[in-house]
Q: 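Take a look at the following structure, please.
Just so it is clear: chains get the letters A, B, ... in the order the sequence lines come, proteins before strands, and each one is counted from 1.
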Amino acid sequence: MHDIKEIRENLKEFSNQIKKRNVDVKFDEILELDKENRSLIQEKEKLESEKKSISKSKDKSLFNKSKELTDKISTLQTKQLSISQKLNELLSSIPNTPLSNVPEGKDESSNKEVEKKGSIKESEFKIKSHYEVGENLNMLDFDLAAKTSGSRFVFVKNKLAKLERALSNFMIDVHTKENGYEEISPPLLANFDTMFGTGQLPKFESDQFEIKIDDNNRKFLIPTAEVILTNMAREKTIDIKELPSRYVASTPCFRKEAGSYGKDTKGMIRQHQFYKVELVSLVEPQKCEEELERMTKCASGILDKLKLPYRIVELCTGDMGFSAQKTYDIEVWVPSEKKYREISSCSTCGTFQARRMKAKYKNSKNEKNFIGTLNGSGLAIGRTMIAIMENYQDKDGSIIIPDVLKPYMDNIDKITSN
RNA sequence: GGAGAGAUGGCUGAGCGGUUGAAAGCACCGGUCUUGAAAACCGGCAAAGGGGCAACUCUUUCCUGGGUUCGAAUCCCAGUCUCUCCGCCA
């Protein structure tokens with residue numbers, strides 16, 4: 001959420017920044033509504049002030065006048081409210097402005113690779129896709145999931161199910177013990193305000209699964225733990241001593257994936273439900289970029305430990321998510337596709353989400369300011385499984401267990417079909 | 001599911017129709033004292049929005065939404081959430 005004052009005062013600069021994001025914003029309409037809104041407020045306040053003084057005077061002869069004022073005020077109020085609502089709708093659909101050092105571009109073709117790590121091994125046999133391997137092992141069952149639930153779901157069975165759990169535990173252990181994150185087991189349903197706070201609503205409602213409790217009680221399945229973890233700070237003033245706050249949670253995530261029909265239909269890449277370990281940091285706003293570097297390291301560190309080849313990509317202005325100011329994607333090597341696929345996305349949102357959530361902190365001078373919020377996957381479990389099933393694939397179709405996971409897998413070396 | 005109690009500033013907590021934007025305490029900030037710190041003492045300290053170059057000023061806000069009244073934190077109605085007791089239950 002942006003400050004209307006800033007837009008009003010620095011329109012040119014602001015609209016230039018927004019333009020970089022490849023979106024069209026009706027600034028004329030916004031300014032017009034803002035003007036109208038303010039003039040209605042002035043009119044209303046004048047009458048309110050008059051009414052107040054009558055009531056203070058306790059002069060009975062003026063009481064009738066005061067009644068009339070009440071009516072006039074309520075008419076003005078209704079009008080003003082509807083205008084400010086419209087204004088807010090427009091404002092809340094404007095994405096965050098990119099930081100000045102973010103590469104400009106329309107789409108992913110302008111993203112910038114900033115780091116490449118791990119070696120891609122030439123295999124002496126043909127690497128099978130993760131779903132072939134999984135189905136051959138009888139440990140991934142897409143058909144069964146289609147029957148019980150529909151498309152884009154999967155049954156993970158046996159040792160692969162254990163691997164999924166192992167990954168979750170391994171990642172949480174690293175983030176809590178080595179990276180200073182606090183483990184949280186959060187609710188998986190979020191209300192409207194919470195979804196608004198991180199920017200999923202109102203603009204991206206069609207991506208969300210909604211649980212209808214009754215007509216005025218809407219809940220949503222979280223699309224990522226970012227939503228619920230970041231909102232821990234909602235409508236709060238945090239003591240500066242508590243910053244930075246760093247949280248990690250491993251949760252299922254639910255996404256409709258509307259608009260991605262025909263994309264990644266095969267396998268586990270794009271599911272309606274998947275596990276993800278999520279990192280969230282709450283920091284002083286000026287420390288956002290520093291924290292983003294740190295967070296990206298924490299996330300990519302997992303891939304280092306798993307010895308999986310990856311690269312880090314800095315997203316360009318046109319490819320970033322709605323709330324982000326700057327984003328690094330971490331992409332893991334997927335041998336069967338012979339390309340890198342996103343396994344983590346780390347973003348700083350600056351004060352954009354904090355404004356929507358009214359999340360503040362008090363600095364050492366006793367001034368209240370909006371906090372900075374960051375989120376990143378550390379990592380997506382399903383996609384990490386894919387990476388392991390392919391990069392650690394043996395020629396007989398078994399899967400070698402990465403060393404760091406062995407303690408979490410009863411010290412077995414391999415997942416085989418028997 | 002049944003019966004009660006409650007929701008007030010960063011926190012605790014008073015107020016229960018008319019300078020109450022709200023006592024008090026804690027926290028926090030500034031100062032005095034001190035070699036430094038602590039303690040003590042003095043002072044400051046809600047938010048959002050509008051107008052003004054500014055000093056400043058106006059409006060709104062005591063969970064949310066309605067209502068009563070010239071006037072509501074205070075009274076009435078509805079809702080949300082929290083707590084206690086009983087029942088049920090993973």
Side-chain angles (χ1 to χ4, degrees), chain A residues 1-10 30-92 185-197 201 210-220 228 231-245 252 282-285 351-371:
Chain A
M1 189 80 154
H2 295 287
D3 189 354
I4 179 70
K5 273 190 209 162
E6 242 168 77
I7 299 179
R8 199 192 298 149
E9 282 159 23
N10 305 310
I30 288 174
L31 289 178
E32 186 53 41
L33 286 169
D34 173 47
K35 206 169 147 191
E36 204 172 339
N37 184 42
R38 281 185 297 149
S39 98
L40 283 168
I41 286 172
Q42 281 180 55
E43 220 177 314
K44 187 188 73 162
E45 287 187 352
K46 215 171 116 193
L47 300 183
E48 276 170 343
S49 177
E50 201 177 329
K51 181 177 156 175
K52 209 170 176 177
S53 71
I54 291 177
S55 127
K56 262 188 183 163
S57 74
K58 297 186 203 173
D59 180 345
K60 279 189 181 162
S61 68
L62 294 171
F63 284 1
N64 269 334
K65 173 104 198 264
S66 174
K67 273 188 177 175
E68 279 170 33
L69 286 174
T70 307
D71 289 344
K72 279 187 194 164
I73 289 169
S74 106
T75 310
L76 278 172
Q77 174 126 309
T78 312
K79 207 165 154 193
Q80 190 262 115
L81 237 50
S82 97
I83 293 210
S84 78
Q85 212 167 47
K86 248 185 247 166
L87 178 61
N88 271 331
E89 263 164 45
L90 287 176
L91 281 178
S92 58
S185 173
L188 304 179
L189 295 189
N191 61 25
F192 188 96
D193 290 346
T194 294
M195 295 287 279
F196 179 89
L201 294 179
E210 181 174 350
I211 307 281
K212 198 166 182 178
I213 293 174
D214 55 58
D215 284 342
N216 35 19
N217 192 356
R218 309 173 67 191
K219 309 255 192 244
F220 299 83
I228 204 95
N231 273 277
M232 286 168 74
R234 182 149 63 90
E235 285 161 56
K236 257 174 67 167
T237 304
I238 300 169
D239 198 303
I240 190 165
K241 286 178 208 141
E242 289 179 41
L243 299 181
S245 288
L282 312 176
V283 301
E284 293 173 68
T351 57
F352 184 82
Q353 292 181 324
R355 250 183 244 287
R356 294 171 84 98
M357 296 191 296
K358 302 186 177 70
K360 299 190 166 183
Y361 76 104
K362 219 179 220 178
N363 69 14
S364 55
K365 283 183 191 142
N366 236 7
E367 297 160 337
K368 281 186 188 175
N369 275 310
F370 291 110
I371 58 169

Q: List for me each residue that meets side chain to side chain donor-acceptor pair (under 3.5 Å) alongside A:D59, sequence neighbours excluded, and say none if there are none.
A: A:S61
Q: Taking atom C1' in both B:rU60 and B:rU12, compute the distance separating them and give it to the nearest angstrom.
A: 26 Å
Q: In whole angstrom, what separates A:L69's CG from B:rG71's C1'?
A: 13 Å
Q: I'd like to know if A:E210 and A:R218 make a salt bridge, using a cut-off of under 4.0 Å between side-chain N and carboxylate O.
A: yes
Q: Please give the distance between the C1' atoms of B:rU74 and B:rU68 as a whole number of Å.
A: 13 Å
Q: Shorter than 3.5 Å, N or O on both sides, protein versus nucleotides 68-70 of chain B: list them out with atom names.
A:
from	atom 1	to	atom 2	distance (Å)
B:rC70	O2'	A:S66	OG	2.8

Q: What distance, rounded to whole Å, do you find between the two P atoms, one in B:rU64 and one in B:rA72?
A: 15 Å
Q: State which residues pass side-chain contact (heavy atoms from CB on, under 4.5 Å) with A:L91; sequence neighbours excluded, sorted by chain then number.
A: A:M1, A:I4, A:I7, A:I30, A:L87, A:N88, A:I94
Q: Measuring only the P atom in each nucleotide, how far is B:rC29 from B:rA78? A whole number of Å is fine.
A: 47 Å
Q: Using atom P in both nucleotides, what's the gap between B:rG65 and B:rC70 to the nearest angstrom?
A: 23 Å
Q: Could you tell me which residues satisfy salt bridge (charged side-chain N to carboxylate O under 4.0 Å, His left out) with A:E284, sequence neighbours excluded, listed by chain and number?
A: A:K287
Q: Could you list the residues that satisfy side-chain contact (heavy atoms from CB on, under 4.5 Å) with A:I41, not counting sequence neighbours?
A: A:N37, A:E45, A:Q80
Q: Quantified in whole Å, what is the P atom distance between nucleotide B:rU80 and nucleotide B:rG21?
A: 32 Å
Q: Sequence neighbours left out, cut at 3.5 Å: what donor-acceptor pairs do the side chains of residues 237-245 of chain A make with other protein atoms?
A:
from	atom 1	to	atom 2	distance (Å)
A:D239	OD1	A:K241	N	3.0
A:S245	OG	A:E242	O	2.8

Q: Listed by chain and number, what are the salt bridge (charged side-chain N to carboxylate O under 4.0 Å, His left out) partners of A:R38, not counting sequence neighbours?
A: A:D34
Q: Could you measure between the two C1' atoms, the one in B:rU32 and the one in B:rA37, and give it in whole Å?
A: 15 Å
Q: Can you name the residues that form a side chain to side chain donor-acceptor pair (under 3.5 Å) with A:N191, not counting sequence neighbours?
A: A:T194
Q: Using the side-chain hydrogen bond (donor to acceptor under 3.5 Å, both in side chains) rule, collect all pairs that involve residues 62-71 of chain A, keeping only residues at least two apart or in two chains.
A: A:E50-A:K65, A:K51-A:T70
Q: Reading RNA chain B 5' to 3', how would its secondary structure be written in dot-bracket notation, given Watson-Crick and G-U pairs with both distances under 3.5 Å, brackets [ ] for crossing pairs and | for partners on other strands?
A: ((((((((.[[[..)..(.....]]].(((((.......))))).((((((....)))))).[[[[[..)....]]]]])))))))....
Q: Nearest whole Å is fine: how far is B:rC81 P from A:E235 CD?
A: 15 Å
Q: For B:rG9 versus B:rC77, give the span between their P atoms, rounded off to a whole number of Å.
A: 24 Å
Q: Sequence neighbours left out, what passes side-chain contact (heavy atoms from CB on, under 4.5 Å) with A:S82? Give chain and number order.
A: none
Q: What is the distance from NZ of A:K219 to C1' of B:rU80, rounded to the nearest Å?
A: 9 Å
Q: Check whether A:R356 reaches the backbone of A:F196 with its side chain - one donor and one acceptor, N or O, closer than 3.5 Å.
A: yes
Q: Would you call A:K86 and A:I83 a side-chain contact if the rule is heavy atoms closer than 4.5 Å?
A: no
Q: At under 4.0 Å between heavy atoms, how does the protein contact nucleotides 44-66 of chain B? Give one character per nucleotide, 5' to 3', with B, S or -.
A: B-SSSBSS------BBS------
Q: What is the distance, to the nearest angstrom, from the CD1 atom on A:I238 to the P atom on B:rC28?
A: 17 Å
